[in-house]
There are 4 protein chains.
Amino acid sequence: MFLSVDASDERPLYKQVIDGVKELIARGVLREGMPLPSVRQVAGDLGVNLNTIAVAYRELQDEGFVNVRHGAGAVVAARSAQGAGEGELRKPLRTALTGFVLARFSDREIVALVRQELEWLRQKGGTL
Amino acid sequence: MFLSVDASDERPLYKQVIDGVKELIARGVLREGMPLPSVRQVAGDLGVNLNTIAVAYRELQDEGFVNVRHGAGAVVAARSAQGAGEGELRKPLRTALTGFVLARFSDREIVALVRQELEWLRQKGGTL
Amino acid sequence: MFLSVDASDERPLYKQVIDGVKELIARGVLREGMPLPSVRQVAGDLGVNLNTIAVAYRELQDEGFVNVRHGAGAVVAARSAQGAGEGELRKPLRTALTGFVLARFSDREIVALVRQELEWLRQKGGTL
Amino acid sequence: MFLSVDASDERPLYKQVIDGVKELIARGVLREGMPLPSVRQVAGDLGVNLNTIAVAYRELQDEGFVNVRHGAGAVVAARSAQGAGEGELRKPLRTALTGFVLARFSDREIVALVRQELEWLRQKGGTL
DNA sequence: GTGGTCTAGACCACG
DNA sequence: GTGGTCTAGACCACC
């Protein structure tokens, strides 16, 4: 699969999986209606506990990004069901930007990095 | 004081304090050499335990943002000692931007929000 | 376990634990990838509070000597991530040597003691 | 005076003063019977609180390195009264050496550094 | 099971 | 006054 986890990442494993799936959806690698790999397969590929992946999938469902159908696996939800409000999104953005400001990046550099990240997220289909 | 914590925030209290102090430094509200309020005062103002703030101050010291001396208080460290590398900063930025993309913000909208946040961070002196 | 704390030692308990773990790593008793005993077990063995050990483990993580993952335990980190610069190491060495000089040990005696300590540290595998 | 304190040093101020005086005695810059500068003068020179220096002098007296005579200031004590037993000296030595081992210094390098430090301590009269 | 966070409250060390 | 350390004990998050 195209997911990966990194032991040196500060985020817990299940969070890395959630963020990874979200990125894949944002990039269009995973499109509406497409099935996600089974919990069992992801756990095997990443070498982590089944439970960890199950928790991740469950939270993805709670947030409206996937629909888990009993026995039939998980599929990417309709786009209308996805996404959060601007309010909750601003806090992590501000925290991320604060880091760059403290590291003395200029506004131009920061905006350039933002555009670069957006370009990467936007390339429809991605590096499947 | 100018710090605040929010029980509904997913971040632990001590992390909220850390991020809050970093924002204040980034905005220039707290400048090099300025003393931070005492652990006791912050704890009292925010209504949290002394230890929680002490942990936050300790981590801020470990990250090089403040200098804490035992019987004296904590002061904002020299800027040269602060900041992180680009590597650790990109991951939270990407995660934050992914949220906006999933919420179907356009690139123009996102960049505008980024500029808005940067402008707020950059007004030296801030809303003291 | 092979750790111990001493109430008559001037160092705080958590520091004694940190230094003890570092010694075990230096001696090769704890090798890269090996799990450390759980916080609860160490706390029980040494008869100190859970939090005290948790603080020690956290600092060991911050210094790069161990990797602590939430629901999993703590494991000895890759050696490349460990170690400090010569600068920070000289000061405690000078202080230690000053003590011997003041106690009127000769240079030969001091160097012999140093070799003796190094020999003890170097016997890979140690007195497991 | 020949003492100095360093804000970036992790040791508390009073400990830096104590270690500094001990070094001066070890190096022979301060010899038996010689007067130490007054508490007031040291405090002024270093820009620290009077109390801090007074505490340092008192501990130096308790350890037998100086004799404080009321109203007459402090003088370096007779050498026979100074020094600690080998037992208490080994622990800091071991901790210091552990740091070098973890930073992957070879035994030869470490012994060379030890000899270098000893040479500096031994130059009688010092850089007065 | 693991470690993480937080509280309440005590006592010590430092300036 | 300041921050540092430690305890007891609770509850949560992660695997």
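Naming convention: chains lettered A, B, ... in sequence-line order (proteins, then strands); numbering from 1 in each chain. These numbers come from the heavy atoms of this one structure, side chains and all, not from hydrogens, waters or symmetry mates.
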Starting at the 5' end of DNA chain E, which residue's closest nucleotide do you reach first, B/Ala72 or C/Ala74?
-> C/Ala74
From CG of C/Leu60 across to C1' of E/dG3 the rounded distance in Å is 14 Å
Find the partner of E/dC6: check Watson-Crick (N1-N3 plus N6-O4 or O6-N4) and G-U wobble (N1-O2, O6-N3) distances, both under 3.5 Å, and reply none if neither fits.
-> F/dG9
Evaluate the criterion salt bridge (Lys or Arg N to Asp or Glu O under 4.0 Å) for residue pair B/Arg58 and C/Glu59; output intermediate values, then yes/no.
-> CA-CA 11 Å; B/Arg58 185 179 184 175; C/Glu59 180 152 337; 2.7 Å; yes
C/Asp9 with D/Lys91: basic N within carboxylate O range, under 4.0 Å | yes
Atom CD of A/Gln16 to atom P of F/dA13: distance rounded to whole Å?
-> 18 Å
Heavy-atom protein contacts under 4.0 Å, nucleotides 4-10 of chain E, coded B base, S sugar-phosphate only, - none | SBBBBB-
Would you kindly give the CD-to-P distance between C/Gln41 and E/dT2, to the nearest whole Å?
-> 8 Å
Euclidean distance, atom CD1 of residue A/Ile18 to atom C1' of F/dC14 [Å, nearest integer] = 12 Å
Are A/Arg11 and A/Asp6 ion-paired here, with the side-chain N under 4.0 Å from a carboxylate O?
-> no
Watson-Crick or G-U wobble partner for F/dC14, using a 3.5 Å limit on both distances?
-> E/dG1
Closest contact, heavy atoms only, B/Leu46 versus B/Ile53 = CD1-CD1, 4.3 Å
Any salt bridge between C/Lys15 and C/Glu10, counting N to O under 4.0 Å?
-> no
May I ask you to say whether D/Arg90 pairs ionically with D/Glu86, meaning some side-chain N is under 4.0 Å from a carboxylate O?
-> yes
